[in-house]
Amino acid sequence: MQYADATNLNARVRLHQKFSVNATGFVNWLFDQLIVPEGAVILEVGGGPGWFWRINQHRTPASWRIFMSDLSEGMLTEAMRMLGRSGRNLKFCVCDAEALPFESDSMDVLLANHMLYHVPNLEFALSEFTRVLKDDGTLYAATNGQRHLREIDELLARVAPGTRRLQLTSQPFSLDNGEACLGQHFQRVVKAEYPDELRVTDSTALIEYIESCRSLTSDVRHHLVDLIDGEIASKSHFRVAKDAGLLIASHRKVSTVAAK
């Protein structure tokens with residue numbers, strides 16, 4: 001299971017932390033986009049090990065009431081370990097995005113950071129999001145576009161044509177189709193793009209990233225290392241495109257899909 005705990009996710013985070021060109025960092029940038037009223041009640045769905053609140057805890061107002069949820073008990077255990085003594089009003093909940101255990105009209109803000117493309121039934125999840133959000137509440141849904149990590153996929157296609165790609169050719173929720181998806185549930189959707197790329201100077205770090213997503217045979221691994229090292233030797237780094245951003249949705253419509 002990919003997300004039984006934070007091991008695979010942490011391997012991916014390390015690559016972005018070490019080799020991203022944009023010094024702001026995506027999590028800091030994402031926090032900067034939030035417009036949150038005093039005393040707000042906030043729900044993060046699919047929050048993983050709590051990186052968002054850990055990195056931004058010094059900027060989080062004490063008046064915010066935050067519910068951090070994830071489907072994985074292992075992820076949430078790590079989040080509690082990291083954030084349990086943060087001094088913020090944080091509560092933790094293991095739950096499914098398609099069946100949220102919260103009252104209707106109870107949340108001012110709902111945060112879904114790079115998780116909606118994992119949800120089996122997107123319509124069920126978005127219906128639940130609109131149900132728990134207040135009429136004037138806002139959804140912040142971060143995701144990737146189709147150009148994200150394309151150089152890694154090109155490498156895999158060259159070395160191991162039968163290997164499933166990292167970036168799916170058609171994601172259920174992306175920067176490319178997310179406005180249309182959210183437009184079925186909200187009156188207003190705004191897209192904000194985060195400019196960045198990876199300039200990798202260590203093939204081991206990139207291989208660890210790939211192996212956190214896909215199993216590689218020894219031969220494929222060695223071939224990938226040779227190609228990456230060759231690119232680093234000739235150009236000083238291996239460039240990887242990033243295509244990430246945020247969709248901000250507000251003024252909810254009446255939900256037309258009943259949750260499970």
Side-chain angles (χ1 to χ4, degrees), residues 2-3 8-9 12-13 15-16 19-22 24-35 44-48 51-52 97-98 109-130 133 138-158 161 163-200 206 209-210 212-214 239-253 255-257:
Q2 274 286 313
Y3 299 110
N8 289 324
L9 183 59
R12 297 165 203 170
V13 168
L15 184 78
H16 289 281
F19 298 110
S20 292
V21 171
N22 192 326
T24 300
F26 185 84
V27 172
N28 289 307
W29 174 84
L30 179 55
F31 189 93
D32 290 339
Q33 310 312 304
L34 302 182
I35 299 176
E44 182 178 14
V45 180
W51 282 107
F52 182 80
E98 297 178 27
V109 170
L110 197 152
L111 175 63
N113 183 10
H114 284 90
M115 56 75 61
L116 276 171
Y117 44 71
H118 293 302
V119 174
N121 192 314
L122 181 61
E123 287 302 303
F124 277 136
L126 292 178
S127 292
E128 276 293 86
F129 289 6
T130 57
L133 276 170
T138 304
L139 167 65
Y140 294 87
T143 189
N144 300 320
Q146 296 303 316
R147 295 178 294 112
H148 192 62
L149 308 182
R150 62 186 176 187
E151 288 80 5
I152 299 178
D153 276 342
E154 289 166 0
L155 262 185
L156 288 170
R158 178 178 174 186
T163 302
R164 189 162 59 94
R165 314 288 281 276
L166 298 186
Q167 182 68 6
L168 300 177
T169 54
S170 180
Q171 286 194 31
F173 186 83
S174 71
L175 286 180
D176 306 281
N177 63 20
E179 288 177 273
C181 293
L182 294 178
Q184 300 299 311
H185 299 265
F186 294 90
Q187 301 285 352
R188 184 170 186 265
V189 183
V190 177
K191 178 165 68 174
E193 297 187 36
Y194 177 74
D196 201 5
E197 65 181 45
L198 296 171
R199 295 181 183 174
V200 182
L206 187 50
Y209 182 99
I210 295 171
S212 76
C213 306
R214 303 284 181 271
R239 179 187 178 277
V240 180
K242 293 173 70 172
D243 185 13
L246 176 66
L247 294 161
I248 304 169
S250 57
H251 308 300
R252 67 176 190 173
K253 297 178 180 178
S255 178
T256 58
V257 179

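Excluded from the calculations below are hydrogen atoms, water molecules and symmetry mates; all remaining heavy atoms, backbone and side chain alike, are included.
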Practice prompt. To the nearest 0.5 angstrom, please state how far the OG1 atom of Thr138 sits from the NE2 atom of His251.
Written response: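 Thr138 atom OG1 to His251 atom NE2 measures 7.5 Å (nearest 0.5 Å).
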
Worksheet item: Once you round to the nearest 0.5 Å, how far does CG of Leu175 lie from CZ of Arg147?
Response: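 If I round to the nearest 0.5 Å, the distance is 9.0 Å.
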
Nearest non-hydrogen partners of [X] and [Y], listed with the distance:
X	Y	result
Leu116	Ala141	CD1-CB, 4.0 Å
Ala241	Arg150	CB-NE, 3.9 Å
Leu182	Ala249	CD1-CB, 4.1 Å

What class does the angle between the rings of [X] and [Y] fall in, given that below 30° is parallel, 30 to 60° is tilted and above 60° is perpendicular?
X	Y	answer
Phe26	Tyr194	perpendicular
His16	Tyr209	perpendicular
His114	Tyr117	perpendicular

Without swapping roles, check the side chain of [X] against the backbone of [Y] for a donor-acceptor pair under 3.5 Å.
X	Y	value
Asp243	Asn144	no
Glu98	Asn121	yes
Tyr140	Ile35	yes
Thr130	His185	no
Asp196	Asn22	yes

Practice prompt. Apply side chain to side chain donor-acceptor pair (under 3.5 Å) to Arg199 and list each qualifying residue two or more places apart in sequence or on a separate chain.
Written response: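 Arg199 satisfies side chain to side chain donor-acceptor pair (under 3.5 Å) with Glu197 once adjacent residues are dropped.
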
Fill in: salt bridge (Lys or Arg N to Asp or Glu O under 4.0 Å) partners of residues 174-184, not counting sequence neighbours, each pair once
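Every salt bridge (Lys or Arg N to Asp or Glu O under 4.0 Å) pair that includes a residue of residues 174-184, provided the two are not neighbours, is Glu179-Lys191.
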
Practice prompt. Could you tell me whether Arg239 atom CZ has more than 12 heavy atoms of other residues or ligands within 6.0 Å of it?
Written response: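 Atom CZ in Arg239 is crowded, with more than 12 foreign heavy atoms closer than 6.0 Å.
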
Practice prompt. With sequence neighbours excluded, tell me which residues meet ring-ring contact (aromatic ring centres under 6.0 Å, His included) with Phe19.
Written response: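 So Phe19 forms no ring-ring contact (aromatic ring centres under 6.0 Å, His included) with any residue.
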
Under 4.5 Å between any side-chain heavy atoms of [X] and [Y], yes or no?
X	Y	result
Ser20	Leu198	yes
Asn113	Trp51	no
Leu247	Phe173	yes

